[in-house]
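Predicted model, so just to flag it, every value in this text is computed and none were measured. Quick note: numbers below take in every heavy atom, side chains included, and nothing from hydrogens, waters or symmetry partners. All residue numbers in this chain count up from 1 along the given sequence.
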Amino acid sequence: MTDTTSPTAVAAAPTPVANTHVMVPLALFALYIIWGSTYLGIRYALESYPPFLLAGIRFLGAGIALFAFLRLRGVALPTARQWRNAAVTGVLLLGFGNGLVCFAEQHVSSGIAAVAVASMPLFAALFSGMYGEWPTRRETVGLVIGFVGVIVLNLGSGLSGSRLGAIALLVAAMSWAFGSAWSRRQDMPAGPMNTAAQMLCASVALLLIGYGSGEHLPAHPTARATAAVVYLAVFGSIIAFSAYLYVLKHARPALATSYAYVNPPVAVLFGVMLAGESVGPYDIAGMAIILIGVGAITLARMKRQPAGGR
């Protein structure tokens, strides 16, 4: 039997680690820039499409395209258990997490929506306690700082004018955090099939909610709104969501959720430059405090976990 622990054997098969060292930074770049821009994409798409049908169409189109591509390449179908877990995770991350963001952006700006969703790692730190990973003292300090930022953000004009929008965004952040924590401990489909399965399952739930609440597809959507839907499906769903699941599997949870404090300034920048959005002093202060809290949690977790840990 070959000694796979010898220097020769180790040097001969470094590909998985090397690939991870390259792919994780690329995946993070996709999360930072692409997901930061999707908030503005949602705003443009809402010019013609209602929120839940918008999200449902986005994930249905992306899910079918990715699923068909994978099946043509011979990728195995998920097991019944994996379909169930993908359905639960997809509804939490994409159904509640994204559907409620689309709903909220009818009432708040794209930049403010991204800032509110930046509270997600705060909830993730709390939900990790359900699995025995209670926050440390430093993480608790970060949690307190972050939730103070959420309170300040709600005092600003961006969210104070729409309590329903504010609640929707907080529920979206909580759902995404819980779904991420729960899925890490479940038997999920492998690789991109996980992305396809979650999008297909979530699209069914979103379309049922949309049609059940009386939404209808537009008869004459604008070209910009339709282009935004295509952008959200291809870049926001297939590329960026696949990148998120990849980082979630191959990196520390703190690193996987780090996009949450990079997306807000990116989204605000896109909103101000391309859509003429504005942010007030409370909005800026709330964003700064939330990002400080999230950063404190991230640094605390990096110090707590060993260098080779996930």
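- The nearest pair of heavy atoms linking Gly179 to Thr89 is O-CG2, 4.0 Å.
- In the hydrophobic cluster analysis, where Ile, Leu, Val, Met, Phe, Trp and Tyr join through side-chain heavy atoms closer than 4.5 angstrom, Phe235 is grouped apart from Tyr244.
- Counted by atom type alone, Tyr39 and Ser109 present zero donor-acceptor pairs between their side chains at under 3.5 Å.
- Two different hydrophobic clusters hold Leu94 and Tyr231 under the rule that ILVMFWY side chains link at heavy-atom gaps under 4.5 Å.
- Follow the hydrophobic side-chain contacts under 4.5 Å out from Ile209 and you reach Ile57 in the same cluster.
- With values rounded to the nearest 0.5 angstrom, Leu232 atom CG is found 9.5 Å from Leu40 atom CG.
- Within 6.0 Å of CZ on Phe96 lie no more than 12 heavy atoms contributed by other residues, nucleotides or ligands.
- In the hydrophobic cluster analysis, where Ile, Leu, Val, Met, Phe, Trp and Tyr join through side-chain heavy atoms closer than 4.5 angstrom, Leu72 is grouped apart from Phe67.
- The number of heavy atoms from other shown groups lying within 6.0 Å of CZ (Arg81) does not exceed 12.
- With no hydrogens or angles considered, a side-chain donor-acceptor pair links Tyr49 and Thr226 at under 3.5 Å.
- Not less than 6.0 angstrom separates the ring centroid of Phe127 from the ring centroid of Trp182.
- A donor-acceptor contact shorter than 3.5 Å links the side chain of Glu215 to the backbone of Leu53.
- The main-chain N or O of Ile34 is found under 3.5 Å from a side-chain atom of Ser37 such that the two form a donor-acceptor pair.
- The backbone N or O of Ser183 lies less than 3.5 Å from no partner atom in the side chain of Gln186, so there is not a single donor-acceptor pair.
- Clustering ILVMFWY residues whenever any of their side-chain heavy atoms sit less than 4.5 angstrom apart, transitively, puts Trp83 in the very cluster that holds Leu93.
- The main-chain N or O of Ser180 is never found under 3.5 Å from a side-chain atom of Arg184 such that the two would form a donor-acceptor pair.
- Remark: Leu208 CG to Ser203 OG distance equals 9.0 Å, nearest 0.5 Å.
- Distance OG1/Thr38 to CG/Asn98: 7.5 Å, rounded to 0.5 Å.
- Counting all heavy atoms, side chain and backbone alike, Ala104 lies closest to Gly165 at CB-O, 3.6 Å.
- Atom CZ of Phe69 sits about 11.0 Å away from atom CE of Met193, to the nearest 0.5 Å.
- Here the side chain of Asn194 pairs no donor or acceptor atom with the backbone of Met188 at under 3.5 angstrom.
- The backbone N or O of Val75 sits less than 3.5 Å from a side-chain atom of Arg71, completing a donor-acceptor pair.
- Atom CZ of residue Arg224 and atom OG of residue Ser48 lie 9.5 Å apart, to the nearest 0.5 angstrom.
- Arg58 and Ser237 share a side-chain donor-acceptor pair at under 3.5 Å.
- Considering only heavy atoms from C-beta on, Pro50 stays 4.5 Å or farther from His216 through its side chain.
- Scanning both residues, Ala27 and Val247, for their nearest heavy atoms gives CB-CG2, 3.4 Å.
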Audit row: His250, Met23, side chain to side chain contact (heavy atoms under 4.5 Å, CB included) steps and yes/no: CA-CA 10 Å; His250 293 93; Met23 292 303 297; over 6 Å; no

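- Interatomic distance, CG of Leu31 versus CD1 of Ile33, reported as 10.5 Å (0.5 Å rounding).
- Between Trp176 and Trp35, the two ring planes are perpendicular [angle over 60°; tilted spans 30° to 60°].
- Note on ring orientation: taking the six-membered ring where Trp is involved, the planes of Phe103 and His107 are perpendicular (angle over 60°, cut-offs 30° and 60°).
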